[in-house]
Every structure is written in C-alpha cells, then in structure tokens.
Amino acid sequence: MNNVVLKVSDLKTYFFTRRGIVKAVDGVEFELRRGECLCLVGESGCGKTVTALSILRLFDSPPGKIVDGQISYDSLDLTKCSPKQMRQIRGKDIAIVFQEAQSALNPVLTIGDQITEQIKLHLPLDYNRTRERAVTLLSEMGIPSAESVLSYYPHQLSGGMKQRVLIAMSLSCDPQILIADEPTTAVDVTIKAQILDIFRELKAKRQMSTIFITHDLAVVAEIGDRAVVMYGGKDVETAPVSEIIGNPKHPYTAGLIDCLPDTSKSADRLTSIPGTTPNPLEMPQGCTFHPRCPRVMKICSQKEPLKTTISNVHSVSCHLYT
C-alpha cells in the first residue's frame, strides 16, 4: 500500500440533466503506483476523461456531481476537499495535460504568461528564476529557441508545439502525478512518436506516476505498465499491459485488440466491434456490453457481473468467469 500514490474506490460521477441522469462514471476502481504509467483505455464516451476530471474536480457542478466513492491521495479524500485545498493540489501535486491544446491555451495570453502563472501561484520564485524555469521546461520538451517562444501567442505555434507547451505547463511545479488526456490524438504520426518519447523520458528521469488516457491500444503497448479497460462508465478489466495485450479476458478488450491493424494478415477491411456505444441516458440492464458481445449469455442481460480476480494482478467483470 505504501507504493500506492492514488487510489480510486467505487467512484460514481453523475450528470443531472433535464433529460435524465447521465452516469458517466459508475463504480470505477483502480490504484496508481509510484513511478507507474497506468493507462485508461476504451472507446469515446466510456468515462475515461470524466474519471480524470473527477480526480481534480474540474467538471462543471452543477450538473456534474460525485455521488459516491473515494479518491485517496496523501491521506486526503479528494472528493471531500474544500475548493481552496483543491486549488493548492491542482498543478502542484496533480497536474493534467488536456486533450485539445488549441482549446486549452488562452489565445490572448503569451506562452510565457501561461507557463509562469502556475509557477508564481505555487512556488516562491522571483521573476528571473520563474522565467528561467519556463525556458528550461520548453527546452526539455524539445522546443527550439525556447526563450523566444515565451513571447509567442498560441496561434503562432503548430499543433505539436502547442501540445509540448501544455506538457511543459503541467510539469512546471514538479507534480507527483501527471494525468495525460489523449495527448497524441490531434497530432500526426511523427509528432505522436516524439510526444510518446517525452513521456518515456519523464518516467525514466523523474519517476513520475502517470495516468495516460487513450483509445489506442497500440499506444498502451508502447508506454503503459498497467491498463484499466473502461466501458459504459465502468472498469471492465484491469491487468498489466502484457496481460491485456497477450491474454485479454473480457470480450470487449479482445474486440479492441482485434481492431488493431495487423500487417501479417491480408484483409479487405479492418475488424470492428459490432454495434455502437450505448446511450448514457439509456444504459442496458445487466452487463452494459451485452448488446455488442459475441459471447453473450442469457444472464448477461439480467444481472450486472461482479468483479472476478483472475490472478493477483488481473481482474475482470464478466459472467464468463463468475
């Protein structure tokens, strides 16, 4: 337990809308260990991002609300912290890299202003040392002429450069935990590889604990230590990445792996999981995946599966193992 830096227990984050209750996160559980890269993986709408926003309490409230569960960090339950406590934790202890760099950066403030703002808030540094820290961070991210870039506005940078700036901002106060919300989604293949290299270096040099959110199991295989597969707001399988890729137990996990391109096989079309993700306002009874599951049984539509321990490092929520 001493090696665990963050523990999420039975987390439930609901959005109370005029059309009904959206159970965006519905009983998610996982642990993040020191120096580990934990990947949250699944299709769009499965609850990955809302889980991350719940940790830092960054969703709009109302309509969003954490209705149950605990998020344990450094003897604190983040679900019960005051707004003032959360402001002290955000950026300094737990930082986040948002998915869309163009939207996350303020278009009317310079890059330097946006990086130094967080440093001034959390660290007792004077103007010169704050600026030096910002230049160092940009240089570490592989941005050329880093000192000149401080005076640039976001529109003067490419998409890949903006994503690097966001990573630099998130690292400005040396957080213990870094949450990366699909940082490789909106960039090309070359920049994607460079960003993944940055995260590998962060893990090696800083021993930083990372929650990496992605829909791409190929990325998970490259940088992840363990993975939590999510569907319909729930964690359906948790295991080391080698187990997830080589020995998937949940039919949804197996479906995601089958969707990966395979150059060793000749096929006219890529494999896909049949059906669509469920409407969050009308979740299926029983197992939320059963309408799309190739191994569905009668009990799947009647009863929600309990979490089953396959081994001391592998768990799955599926009636095939109960």
Hey, quick one: are Leu217 and Leu196 part of the same hydrophobic cluster, counting side-chain heavy atoms closer than 4.5 Å, chains of contacts allowed?
no
Would you name the heavy atoms of Ile191 and Gly160 that are closest together and state the gap between them?
CG2-CA, 3.6 Å
Using side-chain heavy atoms (C-beta onward) and a distance below 4.5 Å, is Ser44 in contact with Thr277?
no
When rounded to the nearest 0.5 Å, the distance separating OG of Ser158 from CE of Met161 is 5.5 Å
Output for pair (His250 NE2, Ile244 CD1), nearest 0.5 Å, gives 10.5 Å
Within the structure provided, determine whether Pro175 and Ser170 are in side-chain contact (heavy-atom separation under 4.5 Å).
no
With a 3.5 Å distance limit and no angle check, can you tell me whether Ser54 reaches the backbone of Arg57 through a side-chain donor-acceptor pair?
no
Rounded to the nearest 0.5 Å, what separates atom CD1 in Ile195 from atom CG in Leu166?
9.5 Å
Nearest atoms (heavy-atom pairs only) where Val149 meets Leu138:
CG1-CD1, 4.2 Å
Pairing of Glu31 and Arg226 as salt bridge, 4.0 angstrom limit
no
Within-4.5 Å side-chain heavy-atom neighbours: Pro280 and Phe15
no
Answer yes or no: is there a donor N or O on one side and an acceptor on the other, between the side chain of His319 and the main chain of Lys303, under 3.5 Å?
yes
For the CD atom on Gln156, are there more than 12 heavy atoms of other groups (residues, nucleotides or ligands in this structure) within a distance under 6.0 Å?
yes
Expected output: side-chain Gln118 to main-chain Cys173 donor-acceptor under 3.5 Å
no
Is the count of non-hydrogen atoms from other residues, nucleotides or ligands lying under 6.0 Å from Lys23 atom NZ greater than 12?
no
Beyond-backbone contact of Gln176 with Arg34, side-chain heavy atoms, under 4.5 angstrom
yes
According to a hydrophobic-cluster definition based on side-chain heavy atoms being under 4.5 Å apart (Ile, Leu, Val, Met, Phe, Trp, Tyr only), do Leu38 and Val313 belong together?
no
Side-chain heavy-atom pair Asp235, Phe30 within 4.5 angstrom cut-off
no
Is any side-chain heavy atom of Thr49 less than 4.5 Å from a side-chain heavy atom of Phe59?
no
Quick one: pull up NZ in Lys298 and NE2 in His290 and give me the separation to the nearest 0.5 Å.
13.0 Å
Would the distance check show the side chain of Lys48 and the main-chain N or O of Glu43 forming a donor-acceptor pair, the cut-off being under 3.5 Å?
yes
Under the ring-ring contact (aromatic ring centres under 6.0 Å, His included) test, which residues partner Tyr252, sequence neighbours left out?
Tyr231, Phe289
May I have the step-by-step check of side-chain contact (heavy atoms from CB on, under 4.5 Å) for Ile55 and Tyr73, ending in yes or no?
CA-CA 10 Å; Ile55 293 171; Tyr73 168 73; over 6 Å; no
Can you list, by chain and residue number, the hydrophobic cluster partners of Leu320 when the side-chain cut-off is 4.5 Å?
Met297, Ile299, Ile310, Val316, Tyr321
Above 12 or not: heavy atoms from other molecules or residues under 6.0 Å from CD of Glu117?
no
Is there a path of hydrophobic side-chain contacts, each under 4.5 Å between heavy atoms of I, L, V, M, F, W or Y residues, that connects Leu6 with Leu56?
yes
Ser209 side chain to Arg33 backbone, donor-acceptor under 3.5 Å
yes
Say whether Met141 and Leu157 are linked into one hydrophobic cluster, either directly or through other cluster members, by side-chain heavy-atom distances under 4.5 angstrom.
yes
Between Ile21 and Leu281, what is the shortest heavy-atom contact and its length?
O-CD2, 3.8 Å
Measuring only between side-chain heavy atoms, which start at C-beta, is Gln114 closer than 4.5 Å to Val165?
no
Minimum-distance pair of heavy atoms, taken over all atoms of Gly232 and Thr288:
CA-OG1, 4.3 Å
Distance col, row Lys65:NZ vs Thr79:OG1, nearest 0.5 angstrom, shows 11.5 Å
When you look at Asp93 and Ile177, which way does the side-chain contact (heavy atoms from CB on, under 4.5 Å) test go after all the steps?
CA-CA 6 Å; Asp93 298 309; Ile177 298 171; over 6 Å; no
Less than 4.0 Å between a side-chain N and a carboxylate O, is that true for Glu140 and Lys205?
no
Under 3.5 Å side-chain donor-acceptor pair for Gln88 and His122:
no
Is there a side-chain contact (heavy atoms from CB on, under 4.5 Å) between Leu202 and Thr210 once you walk through the steps?
CA-CA 9 Å; Leu202 289 175; Thr210 307; 6.0 Å; no
Quiz question: by atom type and distance under 3.5 Å, do the side chains of Thr214 and Asp216 form a donor-acceptor pair?
no
Step-by-step side-chain contact (heavy atoms from CB on, under 4.5 Å) determination, Asp113 to Asn106
CA-CA 10 Å; Asp113 286 339; Asn106 191 323; over 6 Å; no
Within a radius of less than 6.0 Å around CZ of Arg295, do more than 12 heavy atoms belonging to other residues, nucleotides or ligands occur?
no
With distance as the sole criterion, is a donor-acceptor pair present between the side chains of Thr253 and Glu237 under 3.5 Å?
yes
Provide the closest heavy-atom pair for Ala239 versus Glu243 in the form atom of the first, atom of the second, distance.
CB-CB, 3.9 Å
Using a strict cut-off of less than 4.0 Å between a Lys/Arg side-chain nitrogen and an Asp/Glu carboxylate oxygen, indicate whether Asp225 and Lys203 qualify as a salt bridge.
yes
Nearest-0.5 Å distance that lies between atom CG in Asp10 and atom CD in Gln70:
9.5 Å
Less than 3.5 Å apart, which donor and acceptor atoms pair up between the side chains of residues 123-131 and the rest of the protein, not counting sequence neighbours?
from, atom 1, to, atom 2, distance (Å)
Asp126, OD1, Asn128, N, 3.3
Asp126, OD1, Arg129, N, 2.8
Thr130, OG1, Asp126, O, 2.8

Over all heavy atoms of both residues, which pair between Pro284 and Pro291 is shortest? Give the atoms and the distance, please.
CG-CG, 3.9 Å
How about Thr51 and Met230: do any of their side-chain heavy atoms sit closer than 4.5 Å?
yes
Shared hydrophobic cluster for Val67 and Ile71 (ILVMFWY, side-chain gaps under 4.5 Å)
no
More than 12 heavy atoms from other groups under 6.0 Å of CD on Gln285
no
Would you say the side-chain atoms of Asp181 pair up with the backbone N or O of Val97, donor to acceptor, closer than 3.5 Å?
no
